[in-house]
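So the structure is just underneath, and the comments pick up after that.
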Amino acid sequence: MNKRLIIIDGNSIINRAFYALPEMTNKEGLRTNAIYGFTTMLFKIIDTYKPTHMSVAFDRKAPTFRHLEFDEYKAGRKKMPDELREQFEPLKDLLDKFNINRLEIDGYEADDIIGTVSRLGEENGYNVYIVTGDKDAIQLASDKTTTLITKKGVGEVEEYNFDSVMEKYEMTPTQFIDLKGLMGDKSDNIPGVPGIGEKTGIKLIKEYSSIENIIENVENLKGSVKKKIEENKELAIMSKRLATIIRDVPIEINLDDLEYGDYDKDKVIESFRNLGFTSLLSRLSSIDGGNETEEIESNLNIKKLENIDAFINDIKKEGKLYIDTVSRQGNILEKNIIHIFISVDGTNIYYINEEEINKLEEVLVSKEVKKFGYNLKEDYIALRPYNIKLENMHFDITIAEYLIDSASSTSYECSAIAMKYLTKKVKSKEELLGKGVKAKKYEDLELEELCDYIGKVINTVYEVYPIMEKSIKESEMDGLLYHVEMPLVEVLGEMEYQGIKVDKEKLHELGIEFKTIIKKLEQEIYDIAGEEFNINSPKQLGVILFEKLELPIIKKTKTGYSTNAEVLEKLRDKSPIIDKITEYRQIVKLNSTYVEGLLAIINPLDGRIHSSFNQTITTTGRISSTEPNLQNIPVKLEMGRNIRKVFISDESCSLVDADYSQVELRVLAHMSQDETMIEAFKNNEDIHTKTASQVFNVNMDEVTSKQRSDAKAVNFGIVYGKSDFGLSEDLHIPVKQAKEYIENYFNKYSKIKDFMDKVVENATENGYITTIQNRRRYIPELKSSNFMLRNAGKRAAMNAPIQGSAADIIKIAMVNVYKKLEERQLKSKLILQVHDELIVEAYDDEVEEVKKIVKDEMENAVNMDVHLDVDLNIGNSWYETK
DNA sequence: TTCCTCACG
DNA sequence: ACGTACGTGAGGAAA
């Protein structure tokens, strides 16, 4: 069998990778872009050339014979940036884990080691491949050695062997050395013959074949070339020597030691996880045959459940059930389940068809049976139209993974989780169903394919559970998972299933009203502009405002003029068109996003809107709402606020709206233990007035309304880590004055300053922040070398504990409110959450009880040194509950 | 798909 | 000096 030896120039490739890839860091803030690029290149090379032997050569710090011979060698090179330097050791570690040989030796460069090893390889009958980004290595190409030079970063390589070099450059690989001796090399600071460049160099080499021969025949040369050579004979010889790669470095090498093959896969997987290379885990199998994945899959036994009764006994005996439902696409209120897949041991997986769901009901609703799954909220909702409430949802791998790393850029898809924890191949939804308009639905799949997929999903849940469980315990988030996030799955599922009633007629009326105003404004804008154009196009609008009307350009975006609200505000008094545009924008937004958007999504069966509440989106722990987003329904301006009139309570019901008063500032007071602020809350003082009196040094009863509203801006600004500049913009005051406000603030609330500093310090050290419920958020940006990114990281670090703790609090309140309503067997339902606000649709005869429950549970969700305060409002529409 | 804009807490 | 508030989702334009 023919042996293939790959030798990689470690320094060259890591450099290429470093400069080719954008900054990347792992969770701890270690920069990883060069390691990542190196590894992808390594995989590609192994994949393509299937080496039997391999080695990576590195430069040593010590001076080489070249430096000794020529002081100026490689002088003037920029120092290696620390961002790259710190990646060397982790890369070498990784290579060791792959059992890939490494070579380095004092006094020689990686090039020389490569030259030596490649010679040894050739002599022992190997096919040799050299991988580098340095064209000098072309001199080593031969009929037995292929030099692979990276192109386009590290994405591709170009192959050079003897024939291809001859064809391309019309000279032999070794003649490249002579050419470089003549031309010199700027990057290595090799002088060459002054005045001789590529053109003349190639001409001379073609004619005389070597530097020595040129010198011998110098008399035959003409003119200035002759003179240049004559005067620089020594320089040319030395340059050639510097450019020559040494092929007999004094190093003991036994080629057998370079054998490539076995390595401890678990160790590599661990390293990849540490480095955050989850996407590379899947490629591990491709470079070593990948029989491991097949084995796991072939273990699975997936079939139709014949003896349901016996299996139900198994489930009850074990007290646990791995479950995944498969549904047709359809209305949330209708029965759409095709199959339910269930398992108790993770390998014997059974499915039942829709007709038999009721037989399973007993264990599904049993509180004694723990349910394990992937996206359990979907299963809960799917079962709901069958009047089955999935009980005791114990562990959901998406939610666990969200707690483990809420800031991870990867999705919480099963395929990604399987890859991260098991290095197991599970298809992504896109791979299974395709994407875009051609995407298939579950109901289009062959049963066999479906079984295979769902089987793997269930098996993944089974396999991943103990690993995740351990990790969550270690970071002390088990309480958060089992007492807050998992119980919340049912709460959110039920909220989605219930939805909120919408007055469709009213919404239509609003639409007509808005469209009339839009038409009118449109015409007025065209009149002022003197032409018709698309006002919705920032590009076209920019041309009208800044070219045709010649208004001053306040700000530019990457692609053109900025026309956002802030800019328009500054242009208000320059042209009457501005106010029209501002108003036009507002109403177009209301009409398209809220009127048209909401109309399109009202469920025809019950006239309600069923938004999705997502538990695994935000980095801070908040819930998000989609299709539609019910968390950004207008409220600030009266025109927009009218939209809230269409969200109404059902017959014989009212909406009970409860919102926390200043929850984030209370959390801040508690976490920072700032006495002044705690005291203010204890005395039920108005916190903005209090802040005004502190910042502006006046008595509480002398605070003007302007001062109060400025203080409010300062309070909010602090929570976000706002700068003096930002505050000055908001308050339209000089930066200097804003700076004073902030300094005053931190002087008076001195513990808050300490707290903020401490948070950033801890976060920089640990890599993450924590909330009052121990929720974690990693902030790798804190270790960025990029000033802007690092500052953004600091602000995130200051804000996340506050926002995240507030999210913890309302989540606990939601779970407790939900439980209480259930316990008391009330028909009233929790239907909406907007970060610090809960809405219950309460039956009129239950309103008083509901009010009490909601206020009580919200105010007592957690125990802090500052009490929580909830405002209650009742109405028949969301608009009325203000 | 990306950018810009803007709605919310 | 840097560039300037955290966290979201959605619609429309343009590429």
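What's counted below: heavy atoms across the whole structure, side chains too, no hydrogens, waters or symmetry copies.
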**Request:** Compare the minimum distances between each of C:dG7, B:dT5, C:dG12 and the side chain of A:S592, then state the nucleotide with the smallest one.
**Result:** C:dG12

**Request:** When you get a sec, tell me which of B:dA7, C:dG12, B:dG9 is the closest nucleotide to the side chain of A:K589?
**Result:** B:dA7

**Salt bridge A:D808-A:R775, side-chain N to carboxylate O under 4.0 Å** = yes

**Prompt:** Where the side chain of A:E627 is defined as all heavy atoms beyond and including C-beta, which of C:dA10, B:dT5, C:dG9 is the nearest nucleotide?
**Reply:** C:dA10

**Prompt:** Are any of A:Q586's side-chain N or O atoms less than 4.0 Å away from OP1 or OP2 of B:dT5?
**Reply:** no

**Request:** Evaluate the ring planes of A:Y412 and A:Y402, with Trp represented by its six-membered ring, and classify them as parallel (under 30°), tilted (30 to 60°) or perpendicular (over 60°).
**Result:** perpendicular

**Message:** Applying a 4.0 Å non-hydrogen cut-off, can you work out what A:A807 is touching in the nucleic acid: base, sugar-phosphate, or nothing?
**Reply:** nothing

**Request:** Using a 4.0 Å heavy-atom cut-off across all strands, classify A:Q540 as base, sugar-phosphate, or nothing.
**Result:** sugar-phosphate

**Prompt:** Does a nitrogen or oxygen in the side chain of A:T563 sit under 4.0 Å from OP1 or OP2 of B:dT5?
**Reply:** yes

**Prompt:** At under 4.0 Å between heavy atoms, what does A:R641 touch on the DNA or RNA strands: base, sugar-phosphate, or nothing?
**Reply:** nothing

**Complete:** Which of C:dG9, C:dT4, C:dC6 is nearest the side chain of A:R795? It is C:dC6

**Prompt:** Starting at CD of A:Q615 and ending at C1' of C:dT8, how long is that distance when rounded to a whole Å?
**Reply:** 16 Å

**Message:** Rounding to an integer number of Å, can you tell me how far A:Y594 OH sits from C:dG12 P?
**Reply:** 13 Å

**d(CD1, A:I839; C1', B:dG9) in whole Å** = 13 Å

**Asked** Counting any heavy atom closer than 4.0 Å, what does A:T620 reach on the DNA or RNA strands: base, sugar-phosphate only, or nothing?
**Response** sugar-phosphate

**Asked** Strictly by modelled atom types, are A:Q615 and A:E485 linked by a side-chain donor-acceptor pair under 3.5 Å?
**Response** yes

**Request:** Using the side-chain hydrogen bond (donor to acceptor under 3.5 Å, both in side chains) rule, pick out the option among A:Q662, A:R708, A:Q707 that qualifies with A:H688.
**Result:** A:Q662

**Request:** Take the protein atom CD1 of A:I581 and the nucleotide atom C1' of B:dC6, then report the distance between them rounded to whole Å.
**Result:** 16 Å

**Asked** If you take atom types as modelled and just measure distance, does the side chain of A:S624 reach the base of C:dT8 with a donor-acceptor pair under 3.5 Å?
**Response** no

**Asked** Which listed nucleotide (B:dT5, C:dG7, C:dA14) is nearest to the side chain of A:R585?
**Response** B:dT5

**Request:** Indicate whether the side chain of A:R777 and that of A:Y768 have a donor and an acceptor atom separated by less than 3.5 Å.
**Result:** no

**Message:** In whole Å, measure the gap between the P atoms of B:dT5 and C:dT4 for me.
**Reply:** 14 Å

**Asked** For A:I810 and C:dG7, what is the distance between atoms CD1 and C1' respectively, to the nearest whole Å?
**Response** 15 Å

**Request:** Please determine if a side-chain N or O atom of A:N534 lies less than 4.0 Å away from the OP1 or OP2 oxygen of C:dA13.
**Result:** yes

**Message:** Counting only side-chain nitrogens and oxygens, does A:T619 get under 4.0 Å of the OP1 or OP2 atom of C:dT8?
**Reply:** yes

**Item:** Strand partner of C:dA1, provided both Watson-Crick or wobble distances fall under 3.5 Å
**Value:** none

**A:E837 CD - B:dG9 C1' separation (whole Å)** = 9 Å

**Request:** Round to a whole Å and report the spacing from OH of A:Y584 to P of B:dC6.
**Result:** 13 Å

**Asked** Could you give the CD-to-P distance, from A:Q662 to B:dG9, as a whole number of Å?
**Response** 13 Å

**Shortest side-chain distance from A:K636, nucleotide among C:dA14, B:dG9, C:dG7** = B:dG9

**Message:** At less than 4.0 Å, is any side-chain N or O atom of A:S537 found next to OP1 or OP2 of C:dA14? Yes or no.
**Reply:** yes

**Fill in**
Closest to the side chain of A:N791, out of C:dT8, C:dG3, B:dT5, is C:dG3

**Message:** At less than 3.5 Å, do the side-chain atoms of A:Q803 and the base atoms of C:dC6 form a donor-acceptor pair?
**Reply:** yes

**Message:** Of the listed nucleotides (C:dA14, C:dT8, C:dT4), which one gets closest to any side-chain atom of A:I617?
**Reply:** C:dT8

**Message:** Among A:Y745, A:Y749, A:Y741, which residue satisfies the side-chain hydrogen bond (donor to acceptor under 3.5 Å, both in side chains) criterion with A:T691?
**Reply:** A:Y749

**Fill in**
Ranking B:dT5, B:dG9, C:dG9 by distance to the side chain of A:S562, first place goes to B:dT5

**Request:** Output the single nucleotide from C:dA14, C:dC6, B:dG9 whose closest atom is nearest the side chain of A:V635.
**Result:** B:dG9

**Message:** Ignoring hydrogens and geometry beyond distance, is a side-chain donor-acceptor pair present between A:Q803 and A:T620 at under 3.5 Å?
**Reply:** yes

